[in-house]
Number of protein chains: 2
Amino acid sequence: MSDSPARTPTQSAIWAAALRLFSENGYAATSVRDIGAAAGVDPSLVIRHFGSKEALFLATMQLDLSANPLTSTPLETLGATFIDSVLTTDEHVRGVFLALLRASGSDGISSQLREAHEQSFVAPLRDRMTGPDADLRARLAAALVGGLLYALWVAGDEALLATDHDEVVRRYGELLQSLITP
Amino acid sequence: MSDSPARTPTQSAIWAAALRLFSENGYAATSVRDIGAAAGVDPSLVIRHFGSKEALFLATMQLDLSANPLTSTPLETLGATFIDSVLTTDEHVRGVFLALLRASGSDGISSQLREAHEQSFVAPLRDRMTGPDADLRARLAAALVGGLLYALWVAGDEALLATDHDEVVRRYGELLQSLITP
DNA sequence: GTCTATAATTGGATAGAC
DNA sequence: GTCTATCCAATTATAGAC
């Protein structure tokens, strides 16, 4: 998640309000008026500074988990570590992920989600892998990781949400590990 | 996917038009006017017969894959068979799944997606499993299956889409199998 | 840079004649 | 059951004064 490229206080306020409202309520349920009100700013300034609602959405909803300490963890425990890291991400990342997912009907937003998936899931996994089919294994591994977020956050599997954290890390991490070091 | 409970030809036409437009363009991008026009019917009848736009959406977007022949396949090859079955589902199921997913910000739609996940993924897998932790393994397996659909359809992993079908079935099915018969 | 006012469109839903 | 006409609310985006 990149920081606000705050030029003026007004732009910074709009940026912060949009980040919060979009991640809490999603794209459709957040109006330009709402953002202006939350920022204590006239709604017209929202468009004036960021061009359009979708442009502001794309500017704020940037999912970047590549700052993970995954590059320094031993390869043999990377599976469990990675699962643990995605399960302990703050509430904020969850909101951005869901907002992107649910607004992915639009072309621009869809491609941003694609990039986020590639940079946050596929790339960090593939970077640690070796072998001729490393790319394929990394993509299946990314699907596996994304599937956990889907089950917990989108499908809302409450039984899985209530399951002991370490148990999920152990079992699901083992599956991920078998793709990393087959 | 349940059939149209067609009473009158008008209701049937509305039902068919809504099913097509919602699954092609999603909830937000489909207006009641669009549905009426596609059905060759006055837009007001859409509301009159189905109560509201969301009620019509919930009535038509019913994902039901429980009719799979998975109950008859041998347990040892269930993993690959299940992965193969979700990869070969018709375009129609994909549209309904994505429409539900992207509209899952609403409470009613979210719970319908939860039910679909439970009945189409969790239940058929758990029904074939044994052991004290069968429920947890089934939920992790459902996450794994959903993750593949997420990667292909939501994140749009083109490299994975271009990968040989049998190769994905073999590798990813093997992971699923290790949850079914550990 | 900021605000007032409003354009221009679109949406869901309703009333009442036929 | 169906259609005409419309209400009412909400949206994004813009024009122009200050």
Side-chain angles (χ1 to χ4, degrees), chain A residues 4-61 99-100 102-110 112, chain B residues 4-61 99-100 102-110 112:
Chain A
S4 167
R7 295 194 244 246
T8 73
T10 295
Q11 285 175 329
S12 181
I14 292 172
W15 201 90
L19 182 56
R20 184 174 66 83
L21 291 176
F22 279 142
S23 61
E24 282 180 359
N25 307 322
Y27 181 80
T30 302
S31 71
V32 174
R33 281 173 166 79
D34 293 336
I35 296 171
V41 156
D42 192 88
S44 67
L45 296 183
V46 176
I47 300 292
R48 188 163 190 82
H49 284 299
F50 291 90
S52 70
K53 180 187 177 183
E54 180 168 328
L56 176 57
F57 183 81
L58 291 175
T60 52
M61 299 290 104
L100 280 171
R102 291 177 175 149
S104 64
S106 160
D107 283 349
I109 297 173
S110 175
Q112 179 145 324
Chain B
S4 167
R7 296 194 244 245
T8 72
T10 296
Q11 285 174 330
S12 181
I14 292 172
W15 202 90
L19 181 56
R20 184 173 67 81
L21 291 177
F22 279 141
S23 61
E24 282 180 0
N25 307 323
Y27 181 79
T30 301
S31 71
V32 174
R33 283 173 166 79
D34 292 336
I35 295 171
V41 154
D42 192 87
S44 68
L45 296 183
V46 176
I47 302 292
R48 189 163 189 82
H49 284 298
F50 291 90
S52 71
K53 181 187 176 182
E54 179 167 329
L56 176 57
F57 183 81
L58 291 174
T60 51
M61 299 290 104
L100 280 171
R102 290 177 175 148
S104 65
S106 161
D107 282 350
I109 298 172
S110 175
Q112 179 147 324

Using the 3.5 Å cut-off, write out each protein N or O paired with an N or O of nucleotides 13-18 of chain C and the distance between them.
from, atom 1, to, atom 2, distance (Å)
dA13(C), OP2, K53(B), N, 3.1

Please tell me which of P9(B) and D34(A) maps to the more 5' nucleotide of DNA chain D, matching each residue to the nucleotide holding its nearest heavy atom.
P9(B)

Measure the distance from [atom1] on [X] to [atom2] on [N] and round it to the nearest whole Å.
X: L45(A); N: dA13(D); atom1: CG; atom2: P; value: 14 Å
X: F50(A); N: dT2(C); atom1: CZ; atom2: P; value: 11 Å
X: I35(A); N: dT11(D); atom1: CD1; atom2: P; value: 11 Å

Contact under 4.0 Å: T10(A) side-chain N or O vs dG1(C) OP1/OP2
no

Establish, with yes or no, whether the OP1 or OP2 oxygen of dT2(D) is under 4.0 angstrom from a side-chain nitrogen or oxygen of H49(B).
yes

Quick one: does T30(A)'s side chain have a donor or acceptor within less than 3.5 Å of a partner on L21(A)'s backbone?
yes

Indicate yes or no for a side-chain donor-acceptor contact from Q112(A) to the backbone of A59(A) under 3.5 Å, with no hydrogens or angles considered.
no

Side-chain polar contacts of residues 43-52 of chain A - donor-acceptor pairs under 3.5 angstrom, sequence neighbours left out - could you list them?
from, atom 1, to, atom 2, distance (Å)
S44(A), OG, D42(A), OD2, 2.7
H49(A), ND1, Q11(A), NE2, 3.2
S52(A), OG, A55(A), N, 3.1

Taking atom types as modelled, is there a side-chain donor on D34(B) or S31(B) under 3.5 Å from an acceptor on the other?
yes

Compute both the distance and the angle, then confirm whether K53(A) meets the cation-pi test with Y27(A): under 6.0 Å from the six-membered ring centre, within 45 degrees of the axis.
yes

Exercise: identify the closest heavy-atom pair between R102(A) and G105(B):
NE-N, 3.6 Å

